[in-house]
Every structure is written in C-alpha cells, then in structure tokens.
Amino acid sequence: MTDYEFSSSSLDPSGNDWEQLRTQGHRMLDAMIDNLATLRDRPVWQPVPDAIRTGFREAPVPRKGEDPADFFDHFAREVLPYSTGNRHPGFMGWVHGGGTAIGMLAEMLAAGLNANLGGRDHAPVEVERMVIRWAATVMGLPETASGLLVTGSSMANFIAVIVASRAQPDGVKMRTTGLQSRKLTGYAARTVHGCVSRAFDLAGLGTEALRLIPVDEAFRMDVTALRKMIAADRAAGLEPFLVVGTAGTVDTGAIDPLNDIAAVAKAEGLWFHVDGAFGALAVLSDRFRPALEAIGQADSLAFDFHKWAQVPYDAGCVIVRDPVRHAAAFAQTLSYLSREDRGLAAGAPWFCDLGPDLSRGFRALKVWATLSVYGTQRLGEMVDHCCDVAQHLAARAEREPKLELMAPVSLNIVCFRVSLADGNEAAQDSFNAELVKDLQESGIAAPSTTRIGGRLVIRAAIVNHRTTRADVDQMADAVLDLAARRSLPASG
Ligand SMILES: *Cc1c(COP(=O)(O)O)cnc(C)c1O
C-alpha cells in the first residue's frame with residue numbers, strides 16, 4: 001500500500017499537502033547530484049544484469065499505483081548504474097555530450113512548466129526565438145534567420161533537405177503534387193553522416209539522389225570532383241539542387257573546405273547546407289573559428305547542442321537563412337490552429353510552421369540555461385580543452401611503438417589502432433574490434449570503432465567536458481595492457 005495519498009479528483013497530492021512529495025523530490029535531487037559528484041568512482045559502463053533485463057521485459061502493466069519512493073528506488077537500482085555512461089570522463093565512444101547539472105536542473109524547470117512550444121503567444125516561445133537568434137549570431141548567420149530546436153541533427157538535416165528541395169522552382173508546388181518526375185540531386189562528401197542519406201530517403205528523393213564525392217588524404221571533400229560531378233549530372237538531365245558540407249565529420253572530425261563548397265554552390269545556384277552536428281560549435285573557440293567562418297555563408301545549418309555544448313539530450317538545432325523559404329516549406333492553414341491578432345493564439349509564425357512537429361517541449365530552456373550560466377567564452381575554452389586532450393592522445397598514439405595513428409586529428413576525434421607484428425589486415429581488424437569490447441567491459445574507458453580506408457580503427461571522440469589528459473592516458477594504458485593480455489602478441 002502506498003504512503004502517498006493522491007487526490008481522488010486530480011493526480012495532485014490529496015488535501016493539497018505537498019510536503020511528502022517535496023521531501024521525495026529533494027531526495028531525488030540529492031541522489032542525482034551525489035551521483036554526478038562521484039562519477040569517477042564507478043565504471044564508465046557495465047552491462048545490464050540478466051535479472052534486471054528480464055525484469056523489464058516481463059514487468060506487467062501496473063494496474064495499481066506504487067509509492068513514488070519505491071519507484072525512485074527502482075530507478076536508482078535498475079537504471080542509474082546501467083546507462084550509456086556518456087557522463088563519465090572515460091566515455092569516448094561515438095559523439096556523445098557529457099551533460100551538466102545545470103542542464104539537469106533546467107530540465108526539471110521545463111518539465112515543471114510543461115509548456116507546449118508548437119505555437120501560441122507565451123514566454124517559452126520567446127526563449128526559443130532568443131536561443132535561435134543567439135545560435136545564428138555565433139554561427140555568423142543573419143539575426144533574422146529562422147530556426148528551431150529539434151531532437152538532433154538527424155532531424156535538423158532532414159528539415160534542411162526538405163526546405164532546400166522546396167526552395168527550388170516549383171518546389172512549394174511539390175508539397176501538393178509530390179516529386180513527380182523531378183530528378184533533384186544533392187551532393188556530399190562520402191564521409192557525410194548517414195542521416196543525410198536517410199533524409200533523402202525520408203524526403204522521397206531517394207538515397208541515389210545523394211551523390212557522394214571522393215575525399216582528399218585529409219578526408220575532406222574533393223571540390224574539383226564535386227564540380228565535375230555536378231556538370232556530368234546536368235549533362236545527364238538531372239537537377240542539382242543542394243550541396244552539403246560537413247563541419248566535423250563523424251569518422252575523423254575533418255572539416256570540409258566549406259569556403260570552396262560555398263563558392264561552387266553560389267556559382268551553380270545550389271542550396272548550401274552545412275552539417276555541423278558537433279563541429280559547428282567549435283566556432284566558440286578562437287582557435288577554430290577561422291576554419292568554420294564559411295558557415296556564415298550557408299543557406300541552412302544543422303547542429304546539436306547535446307553534443308559539444310553539453311546540453312542534456314535531446315537538443316538539436318536547424319537554422320535557415322531565409323525565414324520565408326523556411327516557413328514556405330512547412331506552414332499549413334488549419335482552422336483548429338488559426339492565428340489571431342491578440343490573445344493566446346497570436347504570435348505567428350509558430351514553430352509548428354517550421355518543422356514536422358506540432359506539440360514540442362521546452363528544449364530551449366536547457367539551452368538558454370547552458371549558454372547563460374557558462375557563457376560562450378567558457379564553452380569555447382571547453383572546446384579547446386577537448387581538442388587539447390585529443391592532441392595529447394594523438395601524440396601518445398604516435399609515440400607508442402605498438403599504436404598507430406590512423407587519421408589526422410583536426411578537432412577532437414582520434415582514430416588509432418594496435419598494430420600487430422604479422423600485418424594480416426583481417427586479423428588486425430578483428431583484434432582491434434575485440435579489444436574495444438574488452439575495454440568497454442573493463443569499465444575503464446569506452447571508445448568506439450569505425451573504418452578508415454577500409455581498416456577497423458579505435459575511435460576516441462573527446463566530447464565530454466570532464467575528460468582530461470590523464471583519462472586518455474588511462475585509456476591508452478588499458479588498450480596496451482588488454483592487447484598484451486590477448487593471446488595475439490602486439491608488435492613492437
Ligand atoms: C551525430 C551526428 C549527426 C546526427 O546527429 P543526431 O543528433 O545524433 O541525430 C549528424 N552528423 C554528424 C556529423 C554527427 O556527428
């Protein structure tokens with residue numbers, strides 16, 4: 001039986017007595033702050049124990065309620081220790097932000113407010129407009145640019161592809177007629193993230209309409225090849241409409257030659273989109289801003305606050321230079337969503353005019369909290385710190401006779417591998433793949449893998465503000481130690 005008494009007429013506490021709930025809330029807050037304060041004492045990641053997994057898979061639908069304290073105990077026992085581990089300084093896999101306590105607290109405020117940012121006239125909408133304006137400003141785009149917060153860069157890139165296709169001659173008409181016989185083709189380096197290909201798929205353009213351009217030895221788009229492919233496609237009767245440059249590729253962190261791509265887009269009359277999922281935020285660093293200046297020429301930009309800006313998941317962002325074209329791609333007129341000149345239904349354009357979602361949460365609050373509490377200067381220093389840690393690891397990989405650096409380090413991603421004496425590439429690939437699993441299961445560090453030039457490599461993305469030089473050294477030590485313990489001896 002529950003100690004908690006909820007009212008029979010609402011889901012709030014009975015008799016409007018909030019004291020027990022307040023006490024429980026404080027317990028939860030203390031537990032999470034304690035947990036954040038002691039991250040280093042625990043493994044980066046540990047597998048979900050079988051009993052707990054089975055418990056989730058077999059749990060019946062709860063018909064009767066349980067005490068919130070019991071619910072929290074469940075969470076603390078069965079979820080808290082077995083999450084991804086991306087808050088931990090030893091987490092270097094994929095590209096995950098580490099989050100902050102400030103972001104966590106802002107999430108609580110946002111949930112307490114329970115605002116719906118699909119539209120209407122209220123302060124939360126103004127907060128989102130403000131953070132979009134701030135984002136446009138730091139990226140060198142006009143203050144008048146349009147944009148919205150979304151789940152992540154996958155959605156942001158998708159929205160940009162839709163806006164770009166509808167900005168074509170008769171593009172808005174395609175909203176009613178569909179693509180029909182149009183042969184719109186887009187261009188991106190072959191190192192482009194898979195979500196751009198998915199965007200072409202979802203937009204009905206087809207993945208074959210995304211043409212992949214070769215890269216140079218630094219894994220940057222070969223712009224001469226881009227020009228040639230556009231010319232060949234035009235000659236074949238296709239309709240080039242979009243070129244995507246990546247600021248920070250997912251494999252190696254390479255930055256495409258955005259300035260040159262912008263020039264091609266301009267000369268060819270193509271929409272210039274930048275996928276800056278994690279890398280775009282390096283504009284906050286004085287060191288990297290020059291390499292990213294051409295983002296300011298983009299027609300649209302996708303990036304994530306939940307990666308390098310450390311805002312808790314999820315917080316992606318899309319910005320479109322031309323607000324009219326942005327709205328023209330999504331706006332509808334529906335009687336049950338009619339806009340008024342005053343009252344709560346004022347405040348057009350609404351965010352539901354700028355993307356596929358109608359109901360939307362208050363993601364902007366945790367972005368606002370992060371930007372205002374830390375300031376862009378401090379966040380830029382954090383970006384520099386991550387890149388310094390990455391350079392430290394790269395130097396170590398070059399120095400260690402048993403390690404091999406596999407790609408240049410332009411930002412915060414280090415690709416390396418343990419090289420084996422016998423040089424059999426297939427054996428070496430599987431050795432490194434198994435080694436990464438060993439490392440993840442050790443709880444010491446969690447890098448991931450990718451393939452560079454066909455070879456499997458250990459990939460460490462330093463995105464977490466908590467990761468230090470000592471942490472990457474510990475990871476490298478563990479790699480060498482686990483490699484020595486595997487039956488195959490490492491070369492030397
Ligand atoms: C992470 C990433 C994406 C996808 O972003 P999500 O937020 O995971 O949807 C797209 N492009 C690049 C370069 C990325 O690193």
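First listed ligand is number 1; within each ligand, the first listed atom is number 1. Computed from a predicted model, the values in this text were never measured in an experiment.
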Rounded to the nearest 0.5 Å, what separation is found between the CG atom of Asp353 and the CZ atom of Phe351?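 The distance works out to 10.5 Å.
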Between atom CE of Met221 and atom CG of Asp216, what is the distance when rounded to the nearest 0.5 Å?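 Those atoms lie 11.0 Å apart.
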Where ligand 1 meets [X] - atom numbers and elements under 4.0 angstrom, heavy-atom basis:
X      : value
Gly152 : 7 (O), 9 (O)
Cys195 : 10 (C)
Ser154 : 4 (C), 5 (O), 6 (P), 9 (O)
Asp304 : 5 (O), 6 (P), 7 (O)
Phe278 : 15 (O)
His306 : 7 (O)

Is a side-chain donor-acceptor pair under 3.5 Å present for Asp304 with Ser153?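 Ser153 vs Asp304: donor-acceptor pair found between side chains.
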[X] side chain to [Y] backbone, donor-acceptor under 3.5 Å:
X      : Y      : value
Arg166 : Val172 : no
Arg360 : Ala115 : no
Asp299 : Phe272 : yes

Nearest neighbour in protein (non-hydrogen) for [atom]:
atom                    : value
atom 12 (C) of ligand 1 : Ala277 CB, 3.2 Å
atom 6 (P) of ligand 1  : Ser153 N, 3.4 Å
atom 10 (C) of ligand 1 : His193 CG, 3.3 Å

Ligand 1 versus Met155, non-hydrogen atoms closer than 4.0 Å: side chain, backbone, both, neither?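 Neither; no heavy atom under 4.0 Å.
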Would you say Lys307 has any N or O atom under 3.5 Å from an N or O of ligand 1, going by distance alone?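 Indeed, backbone or side chain, Lys307 has an N or O that close.
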Using a 3.5 Å cut-off on N or O atoms only, is Asp275 in polar contact with ligand 1?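 Between Asp275 and ligand 1 (N or O atoms, distance only) the closest approach is under 3.5 Å.
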Assess whether side chain to side chain donor-acceptor pair (under 3.5 Å) is satisfied between Asp384 and Ser285, documenting all intermediate values. CA-CA 6 Å; Asp384 283 342; Ser285 149; 2.6 Å; yes
In terms of the angle between their ring planes, are Phe330 and His326 parallel, tilted or perpendicular, with boundaries placed at 30° and 60°?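 Answer is perpendicular, since the angle exceeds 60°.
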Which residue, Glu434, Glu441, Gln440, forms the side-chain hydrogen bond (donor to acceptor under 3.5 Å, both in side chains) with Lys437?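 Going through Glu434, Glu441, Gln440 one by one, the side-chain hydrogen bond (donor to acceptor under 3.5 Å, both in side chains) with Lys437 is satisfied by Glu434 alone.
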Looking only at heavy atoms of Gly248, does any of them come nearer than 4.0 Å to an atom of ligand 1?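 So Gly248 counts as touching ligand 1.
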